[in-house]
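In what follows, every chain begins at residue 1, and chains take the letters A, B, ... in the order their sequences are listed.
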Amino acid sequence: MSSVLEVDELSVSFAGEDGRMTTVVDKVSFKIGTGRTLGIVGESGCGKSVTSLAIMGLLDPASASVSGTVTFEGIDLRRESESRLRDLRGDRMAMIFQEPMTSLNPSHTVGAQIVEAIQRHRALSRKDAEARALEALRQVSIPSPETRFHDYPHRLSGGMRQRVMIAMALSCDPKLVIADEPTTALDVTIQAQILDLLRRLRDDTGAAIMLITHDLGVVAEVCEDVLVMYAGEVVERASVGTLFRAPQHPYTVGLMGAIPRMAERKPRLATIEGSVPNMRALPAGCRFSPRCPFADAQCRTMPPPIREVEAGHTTRCWKAPLESLVA
Amino acid sequence: MIGLLARRLLQLIPTIFLVSVIIFSLQHLLPGDPALIMAGEEKDPEVIAQIRAQYHLDQPIVLQYLYWVKGVFVGDLGESMRLKQPISELIAQKLPVTLQLASMAMVIALVIGVGMGVLSAVKKGTGWDAAANLFALWGISTPNFWLGIMMIFLFSVQLGWLPASGFVSPFENLSQSLKASIMPAFVLGNSIAGVLMRHTRGAMLQALQSDYVRTARAKGLHEPRVVLHHAMRNALTPIITLGALEFGTLLSGAVLTEQIFSIPGFGKLIVDAVLNRDYAVVQGVVLVTSAVYIVLNLLADIGYILANPRLRA
Ligand SMILES: Nc1ncnc2c1ncn2[C@@H]1O[C@H](COP(=O)(O)OP(=O)(O)OP(=O)(O)O)[C@@H](O)[C@H]1O
Ligand code: SF4
Ligand SMILES: [Mg+2]
């Protein structure tokens, strides 16, 4: 299977007020194959958005320092010039953001903002670009797209704005779509519609999708592979089936206990005791140890290695495989 | 939008009324009976009575106010005692001079202020940013009269490039007109450029951090387009209002600048009138200035509405 995206030991640090660097994404590695959907889950602040912005090259180099490699369709993005990256962004790779209410420019019409993206990457006349933008709006099932085309963002609801963002992202047929919690800001029925839309688009266009979410329920519904992040690190990686059948990291197990069923998806990941660690003062040893029911002295002093418990299933835990604990 | 505009216009009515009452009262708050002053040395009771009748000074104050308002409406602001000339005529002569000066100053302030504000936000933390901030500080803290005198000294006395004083109408001789007014316009615009620069910088920094700018970058747009079409388009909306209000400041700043450069404008008219106790002229000038302020405010509101799709709809 060829990978559309290959991320290897990607790390991101920010300089704090005092000038000290805080690493918020720590040696994250993964791959996404053509037409596959990878889910990335984890609590708020674990570094999901920063990871995706780093892949897109959208972090401000003045404040963020990035290391590791990101290979997209064989191109080593981190070694490419900014102008080459600009050519890829919005064309071969696109991103949908977490904040539908503020991600569109309030001073330009919805149509103009999509047309702009198309004309940036395709040598189309204004008329043809408009036709294509309208088609994109239709693709994401926006009612009366001809009218919406001329509307300013403030006339649209959050769900509609997110659809516009998706239409914009898809307007140039990207090979990779990064969707950063595309439904978090929206209410439940709209969430289901947007997820449906993403699934349909993947099936139609064959794009690889990196879907970021708080929510294992969403992963179960939409993804084939899943990456669990905790405090800036990948703690478990598996196919969705494997992960739900035999989770191998105590944190994942905790998240599963906290999966809300689709119908009552209100409280999120609330049942794990304790709270996310401060990234500026991480616990020694395993980062999850202060909250882990299995933690022992080794866990509290030495960071656990990544173990492959079966082909394609890895976990960062001293106690893996967890079955041995029960036995 | 029509509704919003109508409301703004309605709100103007009490403002205008209040302003007119204050200006009208000016004449009555000042010490001395205007009729006595106008009657001259002799103080002939007959003449005084005649003046009283002519200017309705024998009528109740409310009627006097109404007569005055009626006069204002037909463009009759009275007559200058000193120059024996209708005040409306004086204003019609002097106002364009000051408006030209203030407009040039505004253009200079906008070009420098907005230009440097955008530059310093885009180049935040670099030498450009530091230089622009220093310039803004200098512009805000340099007194107009000092800068004016220094410029006259340098460009007129030392280098002999520009005339030190005077005014030439642009309809007479455009290049001479520009030459004569470029220094005073720069002096006047300079202080406001600093204010505009700081506001522009702040608004641009905020816009550049916004989610929609991130979206624009995620589309692969080139940085100049991101800055001009996305960030600046939003950052400049509040600058419109600020610019219109600062234009009012320019009009009052012109009083001093016109003195320095001996420009026969509105500022000179009011200074001369005050010094010579030509109260009717003061009243007329204050009235027109207030009117200009009110119109500017209205224009600022309209500009803001037009630039803001949320209000335009
Ligand atoms: N520009 C920045 N400067 C400094 N720290 C940052 C910056 N952006 C993010 N961080 C920090 O990086 C960490 C990871 O943030 P990130 O936004 O990736 O979390 P997330 O997993 O997307 O969370 P959420 O689910 O709430 O969106 C957080 O601790 C955050 O405070
Ligand atoms: S290493 Fe120890 S503390 Fe960390 S998750 Fe595994 S058992 Fe828990
Ligand atoms: Mg996030």
Against chain B, label A:Ala117 side chain, backbone, both or neither, depending on which of its atoms sit under 4.5 Å from a heavy atom there. both
Ranking A:Met56, A:Glu99, A:Met101, A:Gln98 by heavy-atom pairs under 4.5 Å to chain B gives rank one to A:Glu99
If you tally heavy-atom pairs under 4.5 Å between each of A:Gln113, A:Met95, A:His108 and chain B, the highest tally belongs to A:His108
Per-residue tally against chain A (heavy atom, under 4.5 Å) across B:Arg214, B:Glu223, B:Arg217 peaks at B:Arg214
Where is the tightest heavy-atom contact between A:Leu58 and B:Ala218, given as atom of each residue plus distance? CD1-CB, 3.7 Å
Cut-off 4.5 Å, heavy atoms of chain B, and the answer for A:Glu82 is neither
Please step through side-chain contact (heavy atoms from CB on, under 4.5 Å) for the pair A:Asn105 and B:His229, ending with a clear verdict. CA-CA 10 Å; A:Asn105 192 321; B:His229 191 68; over 6 Å; no
Per-residue contact mode, A:Met168 against chain B (heavy atom under 4.5 angstrom): side chain
Output every pair passing salt bridge (charged side-chain N to carboxylate O under 4.0 Å, His left out) with a member in residues 100-127 of chain A, not counting sequence neighbours, ordered by first then second residue. A:Asp87-A:Arg120, A:Asp91-A:Arg122, A:Glu116-B:Lys219, A:Glu116-B:Arg225, A:Arg126-A:Glu130
Side chains of B:Tyr212 and A:Ser103 in contact at under 4.5 Å (non-hydrogen atoms): no
Counting only heavy atoms not in B:His199, do more than 12 sit closer than 6.0 Å to its NE2 atom? no
Counting only heavy atoms closer than 4.5 Å, note whether A:Leu53 contacts chain B via side chain, backbone, both or neither. side chain
Go through the steps for A:Ser107 and B:Asn234 under the test side chain to side chain donor-acceptor pair (under 3.5 Å), then give the verdict. CA-CA 7 Å; A:Ser107 297; B:Asn234 289 284; 2.6 Å; yes
Assess the residue pair A:Met165 and B:Thr215 against the criterion (side-chain contact (heavy atoms from CB on, under 4.5 Å)); give the C-alpha distance rounded to whole Å, side-chain angles, the decisive distance to 0.1 Å, and a yes or no. CA-CA 9 Å; A:Met165 287 297 294; B:Thr215 305; 3.7 Å; yes
Are there more than 12 heavy atoms of other residues, nucleotides or ligands under 6.0 Å from atom CD of B:Gln11? yes
Within 6.0 Å of CH2 in B:Trp138, more than 12 heavy atoms from elsewhere: yes
